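What follows is a short report on a single structure.
Here, residue 1 is the first one in the sequence, and each next residue gets the next number. In each ligand, atom 1 is the first atom listed, and ligand 1 is the first ligand listed. The structure presented is a predicted model; accordingly, all values stated were derived computationally and were not measured.
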Amino acid sequence: MMDGKHSQPSGRRRVFVQTETGCVLGMELDRSDNAHTVKRRLSIALNVSTEESSLTFGDMVLKNDLSAVRNDSPLLLTRNHLHRSSSTPCLSPTGKDIQQKDKSALIEVLGHSESFSKMKHLVKDSVKAIKNGIDPLPVHGGLGGAYYFRNTRGESVAIVKPTDEEPFAPNNPKGFVGKALGQPGLKRSVRVGETGIREVAAYLLDHDHFACVPPTALVKITHSVFNVNDGVNGGVKAHNSKKPVISKIASFQQFIQHDFDASDHGSSSFPVSAVHRIGILDIRILNTDRHGGNLLVKKFDDGVGRFGQVELIPIDHGLCLPETLEDPYFEWIHWPQSSIPFSEDEIEYIAKLDPVEDCLMLKRELPMIRVACLRVLHLCTIFLKEAVNFGLCLAEIGEMMSREFRAGEEEPSELEVVCMEARRAIVEREVVSPRADVAGDSEFQFDIDCEEVDHHFAAKMTADEYMSRPVYQFGIGNGMGRSMLSKLDESIEEEEEESGAMLSASLKDTKLSDKSQKYPKFSGDKPENGYLMNSSSGHRSASEQLPSSASFVKLADMPDEEWGVFLDKVQELLCPAFEKRKSVTIGQRQRLGTSCQF
Ligand SMILES: Nc1ncnc2c1ncn2[C@@H]1O[C@H](COP(=O)(O)OP(=O)(O)OP(=O)(O)O)[C@@H](O)[C@H]1O
């Protein structure tokens with residue numbers, strides 16, 4: 001639901017500006033403000049240099065016009081050079097000063113979605129506990145900084161993960177540092193500091209609480225428990241050896257009581273429907289991190305005190321919705337439940353999924369979300385719907401999205417092969433008839449100038465208006481196709497190109513029928529290139545190197561109109577790909593005999 005604050009974007013708004021090193025300042029914007037005035041205020045309040053830096057909001061680099069910035073939005077101040085270091089400090093602020101300057105509450109939910117109303121009591125309980133001296137407790141597991149926030153009884157009510165404490169972010173408390181916010185992260189297709197919005201996106205996309213993602217919101221939160229590494233933010237230590245209070249942007253998720261996680265326990269007691277529902281979510285969001293540790297398991301009383309069935313709660317969605325098609329990791333792919341056909345209600349749920357409406361909703365609730373992520377969501381939802389229509393089961397769909405390692409080389413997934421083929425077909429068509437089919441079409445009026453783009457377009461346009469247009473007319477980017485790719489995107493691309501990982505241009509000689517012969521492969525000859533295996537294990541060691549990730553198919557480089565044509569082409573090519581997959585499964589079943597029937 002939108003409220004008055006949403007519908008009047010250019011009036012007075014409060015925003016939270018975060019520096020690359022994690023300092024956060026809340027400030028009020030009025031109509032006369034522009035990026036320059038915001039930077040000047042930031043520079044004075046935080047004593048940071050804002051020279052040679054850009055103010056960004058998702059894909060947008062903000063200049064004069066700040067009308068696209070919504071109330072309560074987090075903005076990021078990034079330095080302009082390509083290879084930024086994480087050591088550029090805020091010079092001298094203390095958390096207390098900042099807190100006094102921006103006058104925000106201890107915990108403020110960013111965003112006004114109805115879905116966040118469930119968080120109000122958690123926020124209230126946490127604030128009350130803090131005021132009563134009950135401090136949050138650091139979480140020891142995981143690679144990122146995380147904290148259990150408690151109620152006055154000392155029970156955990158929420159888990160909070162600050163964006164500047166993610167793996168490789170400047171204030172990571174577990175030694176995984178070295179990058180600035182906005183740079184490619186643990187997965188290259190997910191930038192440092194952007195896992196929190198993905199956690200929120202997964203919650204918002206989990207319509208009807210189908211997969212049971214715990215309520216999650218983005219918050220601005222202030223406490224002394226948070227980590228600031230030496231040398232970051234000037235390495236300021238509080239007088240009298242007390243840790244300073246510090247404000248952060250963080251994800252705030254309801255704590256769910258549980259008994260263990262799925263990595264500690266055999267999967268045989270997991271209900272088929274829970275596995276299916278989580279699988280359906282993972283496919284839509286292309287989850288690259290669904291290992292057993294990210295499924296909490298809760299026993300429930302079967303009434304007679306026996307250990308019966310369990311509930312599964314999916315957590316940690318920070319590595320979903322990557323900026324390019326990626327190799328997902330689906331632990332459930334190995335579980336027999338995934339080979340059982342979908343039930344009627346699951347099929348109905350999938351049929352009702354509307355990728356266009358989902359993208360609009362995410363853009364409305366998380367306006368900083370990148371076009372690239374929305375395109376991944378759009379594509380994967382279409383893929384899921386078509387696959388289920390065709391009659392594939394969860395395991396088959398998951399397998400079609402997963403890459404394979406053969407002889408130490410990584411091959412594109414069947415879905416990626418379809419996408420590569422679709423892009424090649426478009427390129428060929430353009431060579432024959434350069435854009436004749438799209439360029440002159442008077443309906444393609446959605447390319448809006450890069451700087452002046454109206455990012456409230458999505459919010460202003462009703463779902464019906466949106467739905468009544470051909471899909472290729474609206475490239476999910478709200479006019480932010482190629483033209484809106486920010487400098488950051490260019491930098492991520494340049495870095496990828498430098499590392500030789502970008503193979504998406506190699507679209508020649510591709511044929512659906514023979515992926516192992518015709519497609520480029522990523523060699524796993526260097527140990528650090530084995531990231532598929534590493535990420536699959538779910539237990540990464542501290543010594544593990546930054547995994548190199550590769551993209552066979554990029555989605556965000558297509559202008560809006562091409563994106564629509566691409567989606568149509570993908571849909572056309574999916575049927576033969578499904579036929580092929582079905583024949584592989586039948587072949588496997590025949591070989592295995594009846595022992596694997598459920
Ligand atoms: N909503 C939740 N309710 C209860 N416990 C949770 C919740 N979310 C996370 N946890 C606990 O906190 C631990 C760390 O959380 P999480 O896995 O999300 O962090 P992470 O740093 O992203 O981890 P990793 O590096 O393993 O991906 C989990 O293993 C789990 O035990």
Side-chain angles (χ1 to χ4, degrees), residues 118-119 122-123 125-126 136-151 155-169 171-177 185-187 190-203 206 209 211-219 225-227 248 250-265 278 281-282 285 287-299 310-322 328-331 531 534-544 546-547:
K118 294 190 184 126
M119 319 288 299
L122 300 176
V123 168
D125 287 356
S126 306
L137 300 173
V139 178
H140 296 295
L143 299 183
Y147 304 84
Y148 293 129
F149 275 60
R150 301 184 289 165
N151 62 18
E155 301 153 340
S156 296
V157 291
I159 178 161
V160 170
K161 299 188 198 169
T163 56
D164 66 334
E165 297 190 29
E166 287 177 11
F168 302 112
N171 289 317
N172 178 280
K174 296 168 183 167
F176 302 100
V177 291
L186 191 62
K187 290 251 169 222
V190 175
R191 293 165 208 249
V192 175
E194 298 190 4
T195 64
I197 66 164
R198 288 170 164 84
E199 299 243 28
V200 182
Y203 166 60
D206 186 24
H209 211 47
C212 295
V213 177
T216 315
L218 217 53
V219 295
V225 74
F226 295 130
N227 188 59
K248 303 230 175 182
S251 64
F252 182 99
Q253 180 171 81
Q254 180 177 9
F255 178 88
I256 308 290
Q257 284 293 349
H258 56 283
D259 298 286
F260 34 80
D261 68 51
S263 65
D264 302 329
H265 194 264
I278 288 164
L281 175 77
D282 285 342
I285 63 179
N287 194 350
T288 66
D289 199 25
R290 175 66 71 218
H291 59 77
N294 286 339
L295 284 172
L296 303 180
V297 183
K298 195 170 163 180
K299 293 191 236 173
V310 296
E311 270 174 67
L312 296 181
I313 295 105
I315 56 161
D316 198 2
H317 299 102
L319 296 178
C320 70
L321 298 175
Y329 184 70
F330 301 142
E331 182 82 30
Y531 81 99
N534 293 332
S535 62
S536 301
S537 76
H539 298 285
R540 304 179 195 95
S541 75
S543 58
E544 191 176 297
L546 177 65

Nearest 0.5 Å please: distance from the [atom1] atom of [X] over to the [atom2] atom of [Y].
X      : Y      : atom1 : atom2 : answer
Ile315 : Asp261 : CD1   : CG    : 7.5 Å
Tyr203 : Met119 : OH    : CE    : 7.0 Å
Ile197 : Thr163 : CD1   : OG1   : 10.5 Å
Thr195 : Lys187 : OG1   : NZ    : 13.5 Å
Thr288 : Leu321 : OG1   : CG    : 9.5 Å

Under the side-chain hydrogen bond (donor to acceptor under 3.5 Å, both in side chains) rule, collect the residues that match up with Asn287, sequence neighbours excluded.
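For Asn287, the residues satisfying side-chain hydrogen bond (donor to acceptor under 3.5 Å, both in side chains) (neighbours in sequence not counted) are Asp282.
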Which atoms of ligand 1 are found less than 4.0 Å from any heavy atom of [X]?
X      : answer
Leu143 : 21 (O), 25 (O)
Tyr148 : 11 (C), 12 (O)
Asn294 : 17 (O)
Gly142 : 21 (O), 23 (O), 24 (P), 25 (O), 26 (O)
Gln253 : 1 (N), 2 (C), 8 (N)
Lys161 : 16 (P), 18 (O), 19 (O), 22 (O)
Leu296 : 2 (C), 3 (N), 4 (C), 5 (N)
His258 : 4 (C), 5 (N)

Counting both backbone and side chain atoms, is some N or O of [X] under 3.5 Å from an N or O of ligand 1?
X      : answer
Ile315 : no
Gly144 : yes
Gln254 : yes

Is a side-chain N or O of Asp164 found less than 3.5 angstrom from the main chain of Gly193, in a donor-acceptor match?
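No, the answer is negative, given that no donor and acceptor are paired below the 3.5 Å cut-off.
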For the pair Arg198 (side chain) and Ala202 (backbone), establish whether a donor and an acceptor sit closer than 3.5 Å, ignoring hydrogens and angles.
no
Taking all heavy atoms of Lys299 and all of Asp259, pick out the closest pair and write down the distance.
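Looking at all heavy atoms of both residues, the shortest contact is N-OD2, 2.7 Å.
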Run the contact test for Gln257 against ligand 1 with a 4.0 Å cut-off on heavy atoms, strictly below, and give the result.
no
Does ligand 1 have any atom sitting under 4.0 Å from a heavy atom of Asp289?
yes
Which one of Ile159, Val139, Leu186 has a non-hydrogen atom at the shortest distance from atom 7 (C) of ligand 1?
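Selected option, by shortest heavy-atom distance: Ile159.
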Going by heavy-atom distance to atom 22 (O) of ligand 1, choose the closest among Val160, Asn172, Asp316.
Asp316
Return the set of residues passing side-chain contact (heavy atoms from CB on, under 4.5 Å) with Asn151 (not counting sequence neighbours), or none when no residue passes.
Asp125, Arg153, Glu155, Val157
